[in-house]
There are 2 protein chains.
Amino acid sequence: MPRSPSSQPTEVEIQILRILWELGPSPVREIHKRLNAAKGTNYSTTVKMLSVMLQKGLVKRDEDAQPHVYRPAANRAKTGKKMLDDLIERVYEGSAMSLVLQVLSSTRASKEELNEMRRMLDQMEGK
Amino acid sequence: MPRSPSSQPTEVEIQILRILWELGPSPVREIHKRLNAAKGTNYSTTVKMLSVMLQKGLVKRDEDAQPHVYRPAANRAKTGKKMLDDLIERVYEGSAMSLVLQVLSSTRASKEELNEMRRMLDQMEGK
DNA sequence: TGATAATAGCGAATCGTTTCGCTGCGTCAA
DNA sequence: TTGACGCAGCGAAACGATTCGCTATTATCA
C-alpha cells in the first residue's frame, strides 16, 4: 500500500520559503547564510533542497543570472491560506469558523486589529 | 546534523485521532475498521500506529478492558489549537491576527457566526 | 598559467514514518 | 485436546524527507 503524497511544503521547505519571503529573490549563498544560522546545515544541503523545491514547483529560479536567483512560487498569504485550508480539513473537517473562533478565544489583539476585524465582519454581512 | 523532532502529530496520527474524536474510546478493531475503509491498510498497521502513538503520548489506553480500549490524550480543540499555533509560528511568524484576517477574507459565514464573532470581539475589547 | 574559491549537481547515507509479516497468547467450540 | 479465531507485539522492509561528500564547471587573480 503506497503512501499518498502530502502536497504540503515540508518543514525545511517552509523555512526556506520564509527566508525568501523576507529577503525577496536571492542567490543560494544568501539563503544558505540564513538557513545555516538557523540550523547549522551544510551548503550542499541548501542547494539540494532548492533543487527539490524547484522540482516540486515551490520555487522558481532565474538561470540567466549568475549566480542563479531563486524566488518563491507563491507569496506568504497564498501559501499560508493553502496550509490553513489543509489543516482545517484535516482537523476541523472543513469548518473554518470553528477555527477562527478558536484562535480568537485565546489571542490578544490591538485596538486596530479589533477594528479591522469589525470592518471585515460588516463587509461580509453587507455582502 | 540530526533532525529535530516535529512534535506535531503526523498524517496518519491525525487520521486516527479524528476517528477517536468521532467514535470516543474504542478498541483497535473499531479504529481499524475506519482506517481501513479510508486507506485500505492492514490490521497490523493500525496496531503498530497505536502503539507508536501511545509511546508518544498522543493516545491513552485502558489495558484492563478486554480488548484494550484506546482514547485520545487531548481533545480536538486542544490539538487543533496546538497545530494552529505551530502553523502560525512557522508561516506567519507568530502573528495570529494576520492569519485570522486571512481566513475571514476568504470564507463565508452565517449570521450566527458573524454575531458570535462580534460578541467575542467586544469581549476582547472590554478588557 | 596554475592555484584557489565560488557555484552547481548527483548519488548515497541517514532518519523518522508507515507498512506489514510473523509469532505468541488466550478463548471457544467440536 | 486441537484447531480456528481474535488480540497484541516486534522487527524489518519500504518510503519520503533531509543531509552531506564528492565531483564538475566556471570565475578570480597572483
Side-chain angles (χ1 to χ4, degrees), chain A residues 1-20 25-71 83 86 90, chain B residues 1-20 25-71 83 86 90:
Chain A
M1 201 53 47
R3 278 188 262 178
S4 48
S6 155
S7 81
Q8 288 289 89
T10 65
E11 185 54 36
V12 181
E13 285 166 358
I14 292 283
Q15 269 182 275
I16 290 178
L17 286 177
R18 269 181 53 169
I19 292 171
L20 286 174
S26 313
V28 178
R29 186 56 57 183
E30 287 306 307
I31 300 168
H32 173 61
K33 201 171 291 176
R34 296 289 195 100
L35 196 61
N36 175 267
K39 330 199 311 157
T41 49
N42 197 290
Y43 179 84
S44 294
T45 303
T46 306
V47 174
K48 179 63 155 191
M49 274 299 131
L50 283 169
S51 94
V52 168
M53 292 172 74
L54 185 65
Q55 184 81 31
K56 292 188 183 176
L58 289 170
V59 299
K60 312 219 172 208
R61 78 172 169 195
D62 178 1
E63 307 194 5
D64 294 334
Q66 200 39 256
H68 299 174
V69 169
Y70 287 83
R71 60 198 163 78
M83 293 184 66
D86 196 80
R90 284 186 311 178
Chain B
M1 201 52 49
R3 277 188 262 176
S4 48
S6 155
S7 81
Q8 289 289 89
T10 64
E11 186 55 34
V12 182
E13 285 166 356
I14 292 283
Q15 268 182 276
I16 291 178
L17 285 176
R18 270 181 52 166
I19 293 171
L20 287 175
S26 313
V28 178
R29 185 57 55 181
E30 286 306 307
I31 301 168
H32 173 60
K33 200 171 292 176
R34 297 289 194 98
L35 196 59
N36 176 267
K39 330 200 309 156
T41 50
N42 197 290
Y43 180 83
S44 293
T45 304
T46 307
V47 173
K48 179 62 154 190
M49 272 300 133
L50 284 169
S51 94
V52 167
M53 292 172 76
L54 185 65
Q55 185 79 33
K56 292 187 183 177
L58 289 171
V59 297
K60 311 220 173 208
R61 79 172 166 195
D62 178 2
E63 306 193 5
D64 294 335
Q66 200 39 256
H68 298 175
V69 170
Y70 287 83
R71 60 197 162 78
M83 293 183 66
D86 197 79
R90 285 186 310 178

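Each chain gets a letter, A, B and so on, in the order its sequence line appears, and its residues count up from 1. Note that the structure is a prediction, hence the values are computed from the model and not measured.
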Discussion item. If the test is side chain to side chain contact (heavy atoms under 4.5 Å, CB included), which one of Ile16(A), Val59(A), Val47(A) qualifies with Ile31(A)?
Written reply: Ile16(A)

Discussion item. Taking the nucleotide of DNA chain C with the nearest heavy atom to each, does Lys56(B) or Tyr43(B) sit closer to the 5' end?
Written reply: Lys56(B)

Discussion item. Whether the side chain of Ser44(A) and the base of dG21(D) hold a donor-acceptor pair under 3.5 Å is what I'd like checked.
Written reply: yes

Worksheet item: Of all the choices, dC7(D), dA8(C), dT18(D), which nucleotide is nearest to the side chain of Val28(A) once you look at every atom?
Response: dA8(C)

Response to the item:
Per atom distances to the Arg61(A) side chain, the nearest of dG9(C), dC7(D), dT19(C) is dG9(C)

Worksheet item: Taking the side chain of Tyr70(A) as its heavy atoms from C-beta onward, which of dT7(C), dA8(D), dG9(C) lies nearest to it?
Response: dG9(C)

Worksheet item: How close do Arg90(B) and Glu11(A) get, heavy atom to heavy atom, and via which atoms?
Response: NH1-OE1, 2.8 Å

Fill in: Interatomic distance where CE belongs to Met49(B) and C1' belongs to dG16(C) [whole Å]
10 Å

Worksheet item: Asn36(A) CG to dT18(D) P: how many Å, rounded?
Response: 17 Å

Discussion item. Quick check on dA8(D): is either OP1 or OP2 less than 4.0 Å from any side-chain nitrogen or oxygen of His68(B)?
Written reply: yes

Worksheet item: Starting at NZ of Lys33(B) and ending at P of dC7(D), how long is that distance when rounded to a whole Å?
Response: 10 Å

Worksheet item: Given atom CG of Leu50(B) and atom P of dC20(C), what is their separation to the nearest angstrom?
Response: 15 Å

Item to complete: For the side chain of Thr41(B), starting at C-beta, report the closest nucleotide among dC20(C), dA8(C), dA17(D).
Response: dC20(C)

Worksheet entry | Minimum heavy-atom distance between Val12(A) and Met49(A), given as atom pair plus value | CG1-CG, 4.0 Å

Worksheet item: To the nearest angstrom, how far is Met53(A) atom CE from dG9(C) atom P?
Response: 15 Å

Practice prompt. Please examine the side chains of Glu30(A) and Lys33(A), heavy atoms only from C-beta on, and report whether any two atoms are closer than 4.5 Å.
Written response: yes

Discussion item. From the set dA8(C), dT18(C), dC20(D), return the single nucleotide nearest to any side-chain atom of Thr45(A).
Written reply: dC20(D)

Worksheet item: From the list dT18(C), dA8(D), dC20(C), which nucleotide is the closest neighbour of the side chain of Val12(B)?
Response: dT18(C)

Discussion item. Nearest to the side chain of Arg29(A), heavy atoms from C-beta on, is which of dA6(C), dA8(C), dT18(D)?
Written reply: dA6(C)

Worksheet item: Is any side-chain N or O of Lys48(A) under 3.5 Å from a base N or O of dG21(D), one able to act as donor and the other as acceptor?
Response: no

Worksheet item: dT19(D) C1' sits how many Å from Glu11(A) CD, rounded?
Response: 15 Å

Worksheet item: What integer distance in Å separates Gln66(B):CD from dC7(D):P?
Response: 9 Å

Worksheet entry | Under 3.5 Å donor-acceptor, Asp62(B) side chain and His68(B) backbone | no

Worksheet entry | Interatomic distance where CG belongs to Leu35(A) and C1' belongs to dT19(D) [whole Å] | 11 Å

Discussion item. Which nucleotide wins on minimum distance to the side chain of Lys39(B), given the candidates dT18(C), dG21(D), dT7(C)?
Written reply: dT18(C)

